[in-house]
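Single-structure report; data block below.
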Amino acid sequence: MSDSPEPVSSLRRALGLLRLLAAGDPAGIRLKDLAELAGCSQPTAHRALHDLIAEGFVEQVAGGKRYRPALDFFVLAARAGQAGGLRELARPVLLRLSATLSDTIFLLVRNGYDAVCLDRIEGPFPIRSFTGDIGGKVPLGLGQGSLAILAYLPEAEREAVIRFNIPRLLDRGLLDEAALRMALEKARAQGWVNLNTGLIPGMAGVGVPVFDAQGRAVAALSVGTLAERLGDERLPGVVSILKAEAASLGAGLNPFDMALRYPSRSLSAVADQAGLDASAGPAGRVERRQR
C-alpha cells in the first residue's frame, strides 16, 4: 500500500468539518458557509461531507441545504464518555478536599427538580446534612450545593423549578419565596453559596457550581461542617479552595456523561459495588466504613 499523504489529509479535512458542525448552529450549517469556515473549496467540503454522511456521522437537514452532526456521532461520543464518568473524575477531588479542609465533602448533580448526592467523603467531624448519604436527594433550592446549581440554571428553567419547588421547600422549613430569590441573586453575584441558617442547628456549609465547557452548571461541590468552623476568617479560604477544584473538575467533564443526565445509573453502579463488598464478609464491611 502506498504511503501517500492523501488519505491522511482527507481524514483531517473530514474531522475538521465535523468539529465545525458540532460547534455550530444546531439547525445546521450551509455548505458555502462551512467551506468558508474550513478554508477550502465547496467541492472539497462536499466530498468530505459525503464520506461523513456515508458513515452516519453527518446528516443533511431534510428539505434544506444545511448539514449537522447525525445520531451516530452522538452515540459514539456517549460511549466514549462512559469510560471516565463524573463520579470517577470527581473522586480524587473529593478526597483531596476532605484531606485539605478536614470536613465532609459532597458531589451533587441535578435530577429534574431535585439535587442528588452522587458521592460523599466523610470528614472527622460528625455532621448532619439535607441529603444524607450517597443517593439522598433534596428539592433544588434546599442546601448550599443545591442552591449553587439552581442559581445558575437558564432563567426559564430556574423559574419553572422555583414554581414547582416552593411548596416543597416551605414544608422543609424555608422562610418564603422572597428569601429563596434573594439567596439565588446573592449566589450569582458572588459565585458561591454560604449557608448558616439554623435549618440544621449547629451546621453550616459552602457550595460552588461546577460548570461544563458550555458554561452550564451541571453539578456542585459542597462542604458540610460545624457552624463554628465556617467563621469569617476561615470562610474565604474554603471558598477559594472549592472554586479552584470545581474549575479543574469542570474542565475535564465529558458533556455526554450519563451521570449528568441520569444520576440514578451511576448510583446503581455504586449499589452494585456495595453489594459485592458486603458479600466479601466482615472485611468488606470494614473497608466501606473506612472509606
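Computation of the quantities below employed the complete heavy-atom set of this structure, encompassing side-chain atoms and omitting hydrogens, waters and symmetry-equivalent molecules.
- Contact between A70 and G56 at its shortest, heavy atoms only, is CB-O, 3.3 Å.
- Hydrophobic clustering (side-chain heavy atoms under 4.5 Å, transitive across Ile, Leu, Val, Met, Phe, Trp, Tyr) groups L170 together with L147.
- Pairing each heavy atom of A35 with each of A45, the nearest pair is CB-CB, 4.0 Å.
- Under 4.0 Å is where a charged nitrogen must lie from a carboxylate oxygen, and between R163 and E177 at least one such pair does.
- The residues E122 and R120 are annotated as salt-bridged, a charged nitrogen and a carboxylate oxygen being separated by less than 4.0 angstrom.
- Distance CZ/R158 to CG/L153: 7.5 Å, rounded to 0.5 Å.
- Proximity of R13 to C40: side-chain heavy atoms (C-beta onward) are separated by under 4.5 Å at one or more points.
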Query raised in the report: What's the verdict on side-chain contact (heavy atoms from CB on, under 4.5 Å) for E59 and Y67, showing C-alpha distance, side-chain angles and the deciding distance?
Result: CA-CA 6 Å; E59 65 181 5; Y67 297 85; over 6 Å; no
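- Here L107 contributes atom CG and L89 contributes atom CG; the two are 10.0 Å apart, rounded to the nearest 0.5 Å.
- Without hydrogens or angle criteria, D212 side chain to R216 main chain gives a donor-acceptor distance under 3.5 Å.
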For residues 217-226, dump all side-chain donor-acceptor pairs below 3.5 Å to protein atoms at least two apart in sequence or in another chain.
residue, atom, partner, partner atom, Å
T225, OG1, D103, OD1, 2.5
T225, OG1, R229, NE, 3.4

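- In this structure, L230 and V238 have side chains that are in contact, with non-hydrogen atoms separated by less than 4.5 Å.
- By the ring pair (Phe, Tyr, Trp, His ring centres under 6.0 Å) test, F164 pairs with Y113, sequence neighbours left out.
- Proximity of a side-chain donor or acceptor of R87 to a complementary backbone N or O of L118 within less than 3.5 Å is detected.
- The distance from atom CG of L15 to atom CZ of R12, rounded to the nearest 0.5 Å, is 9.5 Å.
- A donor-acceptor pair under 3.5 Å links the side-chain atoms of S146 to the main chain of G141, judged by distance alone.
- Although no hydrogens or angles enter the test, the distance criterion places a donor-acceptor pair under 3.5 Å between the side chain of D25 and the main chain of A27.
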Query raised in the report: Where do L18 and V58 land on the side-chain contact (heavy atoms from CB on, under 4.5 Å) test, with the steps shown first?
Result: CA-CA 8 Å; L18 191 55; V58 169; 3.8 Å; yes
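- Under a hydrophobic clustering in which Ile, Leu, Val, Met, Phe, Trp and Tyr are joined whenever their side-chain heavy atoms come within less than 4.5 Å, directly or via other members, F211 and I149 fall into different clusters.
- Put simply, the side chain of R68 never gets that close to the backbone of G28: no donor and acceptor are under 3.5 Å apart.
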**Report entry** Stepwise side-chain contact (heavy atoms from CB on, under 4.5 Å) test for R91 and I121
**Finding:** CA-CA 9 Å; R91 172 53 63 141; I121 300 296; 3.4 Å; yes
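- With values rounded to the nearest 0.5 angstrom, R30 atom CZ is found 11.0 Å from L37 atom CG.
- In this structure, K186 and M182 have side chains that are not in contact, with every pair of non-hydrogen atoms separated by 4.5 Å or more.
- A continuous path of hydrophobic side-chain contacts links I29 to L31 [ILVMFWY only; heavy atoms under 4.5 Å].
- Atoms CG and CD1, on L97 and I105 in that order, are 5.0 Å from each other to the nearest 0.5 Å.
- With respect to the salt-bridge test (charged N to carboxylate O, under 4.0 angstrom), the residues R168 and D171 do not qualify.
- When hydrophobic clusters are built by joining Ile, Leu, Val, Met, Phe, Trp and Tyr residues whose side-chain heavy atoms come closer than 4.5 Å, directly or via intermediates, I241 is grouped together with L95.
- In this structure the side chain of Q144 reaches within 4.5 angstrom of the side chain of L195, judged on heavy atoms.
- Ion pairing between R181 and D176 fails under the 4.0 Å rule for side-chain N and carboxylate O.
- Summarising the geometry of G191 relative to P209, their closest heavy-atom pair is O-CD, 3.5 Å, with the distance given to 0.1 Å.
- Looking at heavy atoms from C-beta onward, L253 lies in side-chain contact with L86 at the 4.5 angstrom threshold.
- For the residue pair L17 and A48, the shortest heavy atom distance occurs at CD1-CB, 3.4 Å.
- Although no hydrogens or angles enter the test, the distance criterion places a donor-acceptor pair under 3.5 Å between the side chain of N165 and the main chain of L140.
- Looking at heavy atoms from C-beta onward, V193 lies out of side-chain contact with V206 at the 4.5 angstrom threshold.
- There is no path of hydrophobic side-chain contacts, each under 4.5 Å, that joins V109 to Y152.
- Between R234 and E228 there is no salt bridge, since none of the side-chain N atoms of the basic residue sits less than 4.0 Å from a carboxylate O of the acidic one.
- Distance check, rounded to the nearest 0.5 Å: CG of L94 to OG1 of T104 gives 10.5 Å.
- Between the side chain of E55 and the main chain of F57, no donor-acceptor pair closer than 3.5 Å is present.
- In the displayed structure, E159 atom CD is contacted under 6.0 Å by more than 12 heavy atoms of other residues, nucleotides or ligands.
- A donor-acceptor pair is defined here as one N or O able to donate and one able to accept, closer than 3.5 Å; such a pair exists between the side chain of T100 and the backbone of R96.
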